[in-house]
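So the structure is just underneath, and the comments pick up after that.
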Amino acid sequence: MIKQIYSGKGINLINNYNSYPYISPGSNGAGMVRWNSNLNCFEVNDGAVWRHITMSDPIIELSSDVISAIEWAQAQMYKERMREERIKNNPALQKAY
């Protein structure tokens, strides 16, 4: 049984309810996820039926690589703002740039 889906794009879907896997290997359509607008919930196809994903079942999170990339980008943006502020307040740096 597969208990976790790693998308490879940075989002992980983890099932915390041990008796229901999200994918039955070899089943047609297994692992597909959809939004049910009538019930206002996500559903996952287990290969036979669509199962509701309730708040107590899954954890949907960003992978550690994506979190690291976001933190790196935030740090770079901060450094860039600080550099621009220093340039703005220093005529010698303005001339150099």
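Sequence positions, counted from 1, serve as the residue numbers for this chain.
With sequence neighbours excluded, the residues forming a side-chain hydrogen bond (donor to acceptor under 3.5 Å, both in side chains) with N36 are E43, listed by chain and number.
Summarising the geometry, atom CH2 belonging to W50 is positioned 13.0 Å from atom CG belonging to L39; distances are rounded to the nearest 0.5 Å.
Checked by atom type, the side-chain pair N89/E85 shows a donor-acceptor distance below 3.5 Å.
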List the atom pairs, with distances to 0.1 Å, where a side-chain N or O of residues 69-83 and a protein N or O form a donor-acceptor pair under 3.5 Å, not counting sequence neighbours.
none

